[in-house]
Every structure is written in structure tokens, then in C-alpha cells.
Amino acid sequence: LMQRAREQEPVGRNPIPEMQRQRAEASRPKPDLVPDNYVQAGGILRPRNDIEAAKNSAVEGNGQRPRLPNPGSVPGVDPLSSPAARSVAQAFDNSELEHRLTSMIPAPAFDRAAFEKDPQTYLDTVEPGRIWQSLADSPDVVPVERTSDYFHEVLQGEKVILEAKAESGMPVSYYSPRLGQFDNGLSVITVRADENGIARASFLASAGTRGEIDILANSPVHSGQARYLVNVIVPAGVQAAPSGN
């Protein structure tokens, strides 16, 4: 099939992007199949609340009611709001630091001696790929252990404390692939286990975070991963809030 596609394409033209474009065009929903309160953005169905900007009432008494928070609007993060946010901002125009932007790029290897010498720099640096950094299973290696409940249910805007047990003083990274914010304002954080070996992370079900949120935790000096499931419920009043004009 690929050979026939190549033979049919003009010389010098790569057929793969064209085939991908054709498949994308075919998969786009037809206008008459778009559900109410949904719009197409880039060929993808998105809730209208995700696209349209909410308008705030400026002056009390002008006949407008203050609008409730938009459950589909994800808050921005000030790049100067925390050392972790600054570490991400530094990577935007630096290809050597792009591993700070995605869990799809491996993080640099964990250096225990360097961490023990300067743990704060490691904790303040965001590297989502750390979530895949763990030791291989072995009788001599202790798995990281979840010590808080697996399942949590919160309203949007509420927090939940997640805990894992690791070697005292060692780092534990938490990662939420589907939004939400830890104390650094981001969806990934590395914390240090206390003297009892408990590493705690506070997870906020921030605006735009809803449904079942899988969260992973691991440590580079342990094997395995700890897993958590946070079900985020949008309060009825907020869910019904109008958006747009």
C-alpha cells in the first residue's frame, strides 16, 4: 500500500503527511453531527466552555451577575511564581532543556551523590520524565509504597493529600497527566521523603480539571510506581455557569 502511494505521488513529495491529512479530514465530525454546546477546534470536538472566553462583570450594580468560574478554563501559570515554574520557562527556548517540558523525553539519570549534596536544586527543577525513573524489580530493591488511599473524590477547587513511602530523605515525583496543580502550580512535582520516609504532595483540582484523574508517583531509588485515582466533580452551580457573550 505504501509502495503504491509512493508511485502515485509526484516526484519530490512525501506521501506520508498527505495520507495523514486525508485520514484527519475523514475523521472530522460532519457539521450536522456536532452535539449542542460543542464546537470544532482544529478538527477536534471541544466543549464550548473550553473555547469561549468568560466575560467578568466589572461593576457591582450594573445589572449583571458575577460569573461563576468556568470549569473548562485552565488557569495560566506565572513563570516567576515558583522555582519549578521558572525551571520550565527556561526550557521554552532552550533545546537542551526540552526534557523539562514533557514526560515523553527521558530525564537525566539520577545522581544520588549530587542530590544529597544539593537536594533543593533537584526538587526545584521540573523534569516530568522522572516518573519513569525507577529501579528494576529485584529481591534487593524495595518498591515505592502508596500510604494514602488509592481513590479520592473531591469537588473542583478542593485539595487532596497524596502520600507515598520511600527511603528517608530521598525524592519522590508525582505526575498528573490530566491537569490539576501541585503546590508548585504545575501538574508535576518532586518532594522529599521525611524522617519517617513519607513523601506528601498536595494536589489541587484546579479549574479545567474534571473527571477521573490518574496520578503516578515513584522514586529513583525504588522500584515500581504508586498510583492514585482522584475523581473531580464540578459543582452543579459552576457547571451551569454561562460562558461567552
Side-chain angles (χ1 to χ4, degrees), residues 69 71-92 97 99-105 107-108 110 115 119-134 144-194 196-222 224-234:
S73 180
V74 179
V77 178
D78 183 349
L80 302 179
S81 60
S82 70
R86 286 196 293 272
S87 78
V88 173
Q90 291 167 359
F92 288 148
L97 299 179
H99 58 274
R100 297 182 182 181
L101 302 176
T102 174
S103 64
M104 302 300 290
I105 299 177
F110 177 67
F115 173 78
Q120 198 58 50
T121 295
Y122 185 88
L123 299 176
D124 287 342
T125 303
V126 168
E127 292 169 342
R130 289 176 186 172
I131 200 60
W132 313 119
Q133 268 183 351
S134 57
V144 68
E145 179 185 354
R146 185 184 67 248
T147 52
S148 59
D149 291 339
Y150 165 70
F151 180 76
H152 302 263
E153 190 165 79
V154 298
L155 294 176
Q156 191 180 78
E158 293 181 339
K159 289 185 177 182
V160 61
I161 303 298
L162 308 176
E163 294 183 352
K165 186 172 180 58
E167 182 181 339
S168 176
M170 287 294 102
V172 174
S173 294
Y174 287 83
Y175 175 55
S176 170
R178 295 189 58 216
L179 301 179
Q181 294 176 305
F182 294 103
D183 283 344
N184 59 6
L186 307 174
S187 60
V188 58
I189 193 171
T190 300
V191 297
R192 198 176 186 186
D194 63 19
N196 297 314
I198 301 300
R200 297 179 178 85
S202 175
F203 177 76
L204 170 66
S206 52
T209 308
R210 52 182 139 175
E212 295 184 344
I213 309 299
D214 291 298
I215 299 176
L216 305 176
N218 79 333
S219 174
V221 299
H222 292 276
Q225 288 180 324
R227 294 175 176 268
Y228 312 80
L229 181 63
V230 180
N231 186 36
V232 180
I233 300 173
V234 179

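Reckoned from all heavy atoms, side chains included, excluding hydrogens, waters and symmetry mates.
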Quiz item: Can you list every salt bridge (Lys or Arg N to Asp or Glu O under 4.0 Å) pair that touches residues 171-180, not counting sequence neighbours?
Solution: none

Quiz item: Got a second to check how far Phe92's CZ is from Leu97's CG, nearest 0.5 Å?
Solution: 11.5 Å

Quiz item: Taking only residues two or more places apart in sequence, or in another chain, which ones meet Asp149 in a salt bridge (charged side-chain N to carboxylate O under 4.0 Å, His left out)?
Solution: none

Quiz prompt | Rounded distance (nearest 0.5 Å) linking atom CD of Gln133 with atom OG of Ser219 | solution = 10.0 Å

Quiz item: Under 4.5 Å between any side-chain heavy atoms of Arg100 and Thr125, yes or no?
Solution: yes

Quiz item: So, Gln225 side chain and Ile131 main chain: donor-acceptor pair closer than 3.5 Å or not?
Solution: yes

Quiz prompt | Atom pair CZ (Arg210) and CD1 (Ile233), whose distance is rounded to the nearest 0.5 Å | solution = 13.5 Å

Quiz item: Ignoring hydrogens and geometry, is there a side-chain-to-backbone donor-acceptor pair from Arg146 to Arg227 under 3.5 Å?
Solution: yes

Self-check item: Residue of the set Val230, Ile189, Ile213 for which side-chain contact (heavy atoms from CB on, under 4.5 Å) holds with Ser176
Solution: Ile213

Quiz item: Looking at CZ of Phe203 and CZ of Phe182, how far apart are the two atoms once the value is rounded to the nearest 0.5 Å?
Solution: 5.5 Å

Quiz item: Taking only residues two or more places apart in sequence, or in another chain, which ones meet Thr121 in a side-chain hydrogen bond (donor to acceptor under 3.5 Å, both in side chains)?
Solution: Asp118

Practice problem: List for me each residue that meets ring-ring contact (aromatic ring centres under 6.0 Å, His included) alongside Tyr175, sequence neighbours excluded, and say none if there are none. | Solution: none

Quiz prompt | Test: Asp124 and Arg86 ion pair at under 4.0 Å | solution = no

Quiz item: With distance as the sole test, does His99 use its side chain to make a donor-acceptor pair with the main-chain N or O of Glu127 at under 3.5 Å?
Solution: no

Exercise. Hey, could you give me the OH/CD1 distance between Tyr174 and Ile215, rounded to the nearest 0.5 Å?
Key: 9.5 Å

Exercise. Under the side-chain hydrogen bond (donor to acceptor under 3.5 Å, both in side chains) rule, collect the residues that match up with Glu153, sequence neighbours excluded.
Key: Asn231

Self-check item: Donor-acceptor contact present, side-chain Asn218 to main-chain Arg130, <3.5 Å
Solution: yes

Quiz item: What is the distance from atom CD1 of Ile161 to atom OG of Ser148, rounded to the nearest 0.5 Å?
Solution: 9.0 Å

Self-check item: Partner residues of Asp78 under the side-chain hydrogen bond (donor to acceptor under 3.5 Å, both in side chains) criterion, sequence neighbours left out
Solution: none

